[in-house]
Amino acid sequence: MTFQNELINWYLVNKRDLPWRHTNDAYTIWLSEIILQQTRVEQGLPYFNKFLENFPTVLDFAAATEARVLKLWQGLGYYSRGRNMHATAQIVVRDFNGIFPYLHDELIKLKGIGEYTAAAISSFSSGEARAVVDGNVFRVLARFYGIDTPINSPSGKKEFFALANELLYKADPALYNQSIMEFGAIQCKPKSPNCGICPLSQQCFAFNNNMVNVLPVKLKKASQKHRFINYFICESDDQVLVIERQAGDIWQHLYDFPSIETHTQIDIYSPEFALEVKETFGNDASFILQSAKRHILTHQIIHLQFFALKNYIFNFNKQKELNWVSLVKLDELPQPKVIHDFVQEYFYKHKME
DNA sequence: GTCCAGCGTT
DNA sequence: AACGCTGGAC
């Protein structure tokens with residue numbers, strides 16, 4: 001049996017009974033699709049009912065105030081969806097005589113309707129042959145066909161949209177679109193899909209190659225997490241104080257220096273920073289900035305500052321991982337690259353000037 | 001507490 | 001490429 005027929009057969013047996021599946025009215029389907037963007041069915045369902053009760057037609061929607069729309073939207077998140085809906089309802093009344101558009105090329109021009117939603121409304125309401133490509137479709141196709149192109153990359157989107165439209169079941173686009181999305185939502189789930197009862201598992205690339213947990217591939221967004229680590233270089237005779245980094249953080253079992261970490265960029269001349277240094281290193285401690293660096297890891301952007309510290313005091317009993325080492329020994333210790341770079345600059349190049 | 005899912009706009 | 005929100009899984 002074909003991929004498409006397997007999905008449709010599965011759907012006819014397993015589909016959830018959802019209210020927007022009993023209509024081909026474009027306005028009602030639009031309500032459901034906007035509400036279900038970035039929203040799970042269980043959360044969106046009561047909102048769909050509430051909106052349909054308050055605004056049985058697009059005329060009722062357009063006549064409402066934006067404040068009333070947003071009040072009804074309260075708790076659903078991404079409030080621009082509600083604002084865009086209100087604007088679109090008024091455009092439909094003004095430019096389409098209150099008849100909600102049902103063709104893709106008209107729908108795509110409306111506020112809050114992108115490629116996915118235009119395909120969904122057009123296929124469900126008028127049977128137009130447009131393949132829906134939502135998160136469920138990306139997942140089903142990536143797993144079944146073994147596609148590892150990142151789904152959130154420009155090339156990945158082209159690839160998946162092209163494949164989805166090739167696969168579209170032209171005899172009944174609406175039925176097929178519903179089938180593949182529902183299959184992704186409740187059978188081919190993101191986490192722990194039940195492949196043991198999947199009718200497609202024998203032909204599924206991911207299942208046959210033990211890749212269900214790695215497909216689809218998604219590019220990780222560059223992390224916004226910033227860390228600010230202020231290092232203090234303590235020297236005595238020909239030795240320097242180092243610290244072995246412990247479990248539970250980056251750079252486990254590599255060596256760096258005693259540090260004070262903050263959540264924001266500190267002003268090194270502020271009294272607060274001076275006070276914290278004195279609390280940590282003693283009242284006579286003083287410090288001079290030597291270097292500042294930025295280091296990028298997969299999930300973190302680390303802002304480092306290095307200070308030379310004078311007249312410090314340490315409670316060595318509580319700092320077992322602290323060690324005095326010679327420069328020769330230091331060079332033998334494993335260090336994060338950014339620390340090693342600093343060491344080279346500070347203890348060698350800098351000192352020779 | 002942290003991570004992740006999920007479309008459209010700018 | 002960044003941003004908008006919430007709920008659910010872990």
Side-chain angles (χ1 to χ4, degrees), chain A residues 16 18 20 29-48 50-51 66 69-89 91 101 104-124 130-143 150-158 160-161 164 177-178 180-194 212-227 247-250 263 296-301:
Chain A
R16 293 167 290 186
L18 299 171
W20 46 85
I29 293 166
W30 167 71
L31 277 183
S32 71
E33 288 299 339
I34 304 297
I35 287 170
L36 292 175
Q37 286 172 3
Q38 292 96 305
T39 305
R40 287 170 179 78
V41 166
E42 310 83 70
Q43 190 196 2
L45 187 51
Y47 286 84
F48 171 80
K50 190 162 63 171
F51 270 84
E66 185 184 90
V69 172
L70 292 177
K71 182 64 182 175
L72 285 169
W73 199 270
Q74 184 178 289
L76 202 48
Y78 289 136
Y79 295 92
S80 66
R81 289 183 292 170
R83 294 196 302 273
N84 285 334
M85 277 190 114
H86 187 237
T88 287
I91 290 168
H104 173 279
D105 291 350
E106 296 292 344
L107 290 161
I108 195 73
K109 298 176 191 166
L110 298 171
K111 286 189 175 182
I113 297 181
E115 279 300 335
Y116 162 75
T117 306
I121 299 173
S122 64
S123 69
F124 299 157
R130 298 280 181 167
V132 293
V133 186
D134 72 345
N136 296 307
V137 175
F138 277 119
R139 185 168 56 257
V140 171
L141 296 183
R143 286 176 176 166
I151 62 172
N152 55 344
S153 66
S155 64
K157 282 179 182 163
K158 283 185 65 178
F160 281 94
F161 270 82
N177 278 341
Q178 291 280 18
I180 191 169
M181 288 197 290
E182 187 78 340
F183 181 80
I186 65 181
Q187 168 60 40
C188 196
K189 297 180 294 182
K191 290 179 183 171
S192 27
N194 190 351
V212 170
N213 292 327
V214 300
L215 294 175
V217 173
K218 192 182 281 191
L219 290 177
K220 290 171 187 169
K221 54 182 179 181
S223 175
Q224 294 282 92
K225 183 173 181 181
H226 290 259
R227 296 175 66 174
D249 201 357
I250 57 170
H263 294 293
I296 299 175
L297 304 176
T298 306
H299 295 102
Q300 308 187 22
I301 299 174

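As the structure is a prediction and not an experimental result, all values here were calculated from the model. Basis for what follows: all heavy atoms, side chains included, without hydrogens, waters or symmetry-related copies.
Using a 4.0 Å heavy-atom criterion, one finds that A/E42 contacts no nucleic acid atom at all. Counting any heavy atom pair closer than 4.0 Å across all strands shown, A/Y116 reaches sugar-phosphate atoms only and no base atom. Across all strands shown, A/T39 has no heavy atoms under 4.0 Å from either base or sugar-phosphate atoms. Across all strands, A/I113 comes closer than 4.0 Å only to sugar-phosphate atoms, never to a base (heavy-atom distances). Contact annotation for A/K218: backbone-only contact, meaning every heavy-atom pair under 4.0 Å involves sugar-phosphate atoms and none involves a base.
Rounded to an integer number of Å, the gap from A/L45 CG to C/dG8 P is 13 Å. One atom, CD of A/E115, and another, P of B/dG8, lie 8 Å apart when rounded to the nearest Å. One can place CD of A/Q38 at 7 Å from P of B/dG8, the figure rounded to the nearest angstrom. Distance, A/L36 CG to B/dA5 P: 18 Å, rounded to whole Å. Atom CD1 in A/I108 sits roughly 11 Å away from atom C1' in B/dC7 (whole-Å rounding).
Residues A/G112 and A/R40 each lie close to DNA chain B; by heavy-atom proximity, the contact nearer the 5' end of the strand is made by A/R40. Residues A/S80 and A/P154 both approach DNA chain C. Their nearest nucleotides, taken by heavy-atom distance, put A/P154 toward the 5′ side. Nucleotides of DNA chain C nearest to A/K191 and A/L76 differ in position, and the one nearer the 5' end is that of A/L76.
In this structure, the separation between OG on A/S32 and CZ on A/F51 is 12.5 Å, given to the nearest 0.5 Å.
Put simply, the side chain of A/I180 does not reach to within 4.5 Å of the side chain of A/N136, judged on heavy atoms. Under the 4.5 Å side-chain criterion, counting only non-hydrogen atoms from C-beta, A/F161 is in contact with A/E115.
Across A/N152 and A/K157, no two heavy atoms sit closer than the pair CA-CE, 4.4 Å.
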